[in-house]
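Notes for the one structure printed next.
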Amino acid sequence: MAVAAAIEIQNVTKSFGKAEQSVRAVDQVSLAISQNEFFTLLGPSGCGKTTLLRLIAGFEFPNEGDILLNGTSIVAMPPFKRPINTVFQSYALFPHLSVVENITFGIKMLGWTKAEIAQRGSEMLQLVRMEDMRNRKIDQISGGQQQRVALARALAPRPQVLLLDEPLSALDFKLRKEMQIELKRLQSETGITFIFVTHDQEEALTMSDRIAVMSKGRVLQVGSPRDIYDAPTNRFVADFIGESNFLQGSVTTATETRAEIALNSGGNLTATVANSKKGQSVTIVLRPEHAKLTTHSSGQLNGAIADIIYFGTDTHFQIALANGESFTLRQQNKPGFQDRHKVGDTIGILIEPGAARVIAD
Ligand code: ATP
């Protein structure tokens, strides 16, 4: 028998407000999140990520649809009865309690025995590597350490699912990077299903087993970080994750999976596509690092360099194509290498085989 998903969201809609002023914060979303998965909800501010998380936690009730935990509906179950815990952006720790008292606060409320609380407290301190700070007060530890305490507190009652709502956004860049690794470690050591909310695409790409990209209450694409980055299915996803070039063209010949495209900017490309027809107008997406500079007229595309921006790790070339479209090309910098190109040069662009994809607008 197939194992039930840890969390299954079936056609869930959640609206706020009345009649014509109502906002569909979550709009007919269906998702199946596997056991032990690090699953991320990614999208811009206001796309409905937090509302979806609150529906799973039980702080909101759906207008339509169902939410299942291990195959059983939980929509009628109050939040405190669900074996699901949440780590919020603000850690909401008790300043008058010590580190270990904060960690064990929840399990004390749940009626665990003194011996169980003491043992679990020590296990959690060890898990988040804070044994030597067990008796410190919250204002005597750093922001990153407070984040660890909040995580340990949420993990203490052994939830089946941990919800994390932008838990790293209050931390500075370096600490955030450290905590990303720490969160991955905690997830794989505990084997708990993590559902993580972020608007930071890099955070989502580096930490997740799978990502759901959301926009305006809807899920636009679900896949592994590599799927989402390498094979975005629509323009929003291609634009939101990483940098993308969009080129217009029309199909000259097509097979089931590939098509020859005549570009509006001149030149031809072979692109990956599902079900295209001869003569059809299409949008192609191309990542800046999947193209190389070459001499004028020897690439698939040709243009003039409009700008050169040095980024340390790489250099970005903004290229104006003949029809006015702009193309960004990224070239990795090598030690001692001095690029000879300058603004105004006419150049060709070579596209790596397999890099061009047709997407839905
Ligand atoms: P952010 O990253 O800014 O937190 P989000 O993606 O988590 O954004 P939500 O907080 O889920 O988005 O909000 C989705 C939409 O629903 C927004 O338009 C928001 O204004 C609206 N919304 C959320 N909660 C409520 C509420 N309690 N009452 C009315 N509207 C709400």
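As the structure lists them, so they are numbered: ligands from 1, and atoms in each ligand from 1. As the structure is a computational prediction, the values presented were derived from the model and not from experiment.
Under 4.0 Å is where a charged nitrogen must lie from a carboxylate oxygen, and between E243 and R287 no such pair does.
For ligand 1 and G46, the ligand atoms under 4.0 Å from any heavy atom of the residue are 1 (P), 3 (O), 5 (P), 6 (O), 8 (O), 12 (O), 14 (C), 15 (C), 17 (C). Listed by atom number, the atoms of ligand 1 under 4.0 Å from P44 heavy atoms are 6 (O). Shown in contact with E166 at under 4.0 Å from a heavy atom are these atoms of ligand 1, numbered in order with element: 2 (O).
There is no protein heavy atom less than 4.0 angstrom from atom 20 (O) of ligand 1. Within a 4.0 Å radius of atom 14 (C) of ligand 1, the protein contributes at least one heavy atom.
At least one heavy atom of G48 sits under 4.0 Å from some atom of ligand 1. Distances shorter than 4.0 angstrom do not occur between any heavy atom of G17 and any atom of ligand 1.
Counting heavy atoms only, K49 comes closest to atom 2 (O) of ligand 1 of the residues K216, K49, K14, H199.
Atom 9 (P) of ligand 1 has its closest protein heavy atom at T51 OG1, 3.6 Å. Nearest protein neighbour of atom 29 (C) of ligand 1, counting heavy atoms only, is F16 CB, 3.3 Å. For atom 18 (O) of ligand 1, the closest heavy atom belonging to the protein is V23 CG1, 3.8 Å. Distance from atom 3 (O) of ligand 1 to its nearest protein heavy atom, with residue and atom name: S45 OG, 2.6 Å.
Side-chain atoms of T193 and I33, non-hydrogen and from C-beta on, do get closer than 4.5 Å to each other.
For F105 and F94, the distance between ring centers is under 6.0 angstrom. Aromatic ring centres of F196 and F38: separated by under 6.0 Å.
Considering backbone and side-chain N/O of C47, one or more are found under 3.5 Å from N/O of ligand 1. Remark: ligand 1 and A25 share no N or O pair separated by less than 3.5 Å (distance only, no angle test). Distances between N or O atoms of E60 and those of ligand 1 include no value under 3.5 Å.
The minimum heavy-atom distance between N268 and A262, with the atom names listed, is OD1-CA, 3.5 Å.
When each of E166, E202, E203 is paired with R176, the salt bridge (Lys or Arg N to Asp or Glu O under 4.0 Å) condition holds for E203 and for no other. The side chain to side chain donor-acceptor pair (under 3.5 Å) test with T328 is passed by exactly one of E289, H316, Q318: Q318.
The aromatic rings of H341 and F317 sit perpendicular to each other, their planes meeting at more than 60°, with 30° as the lower class boundary.
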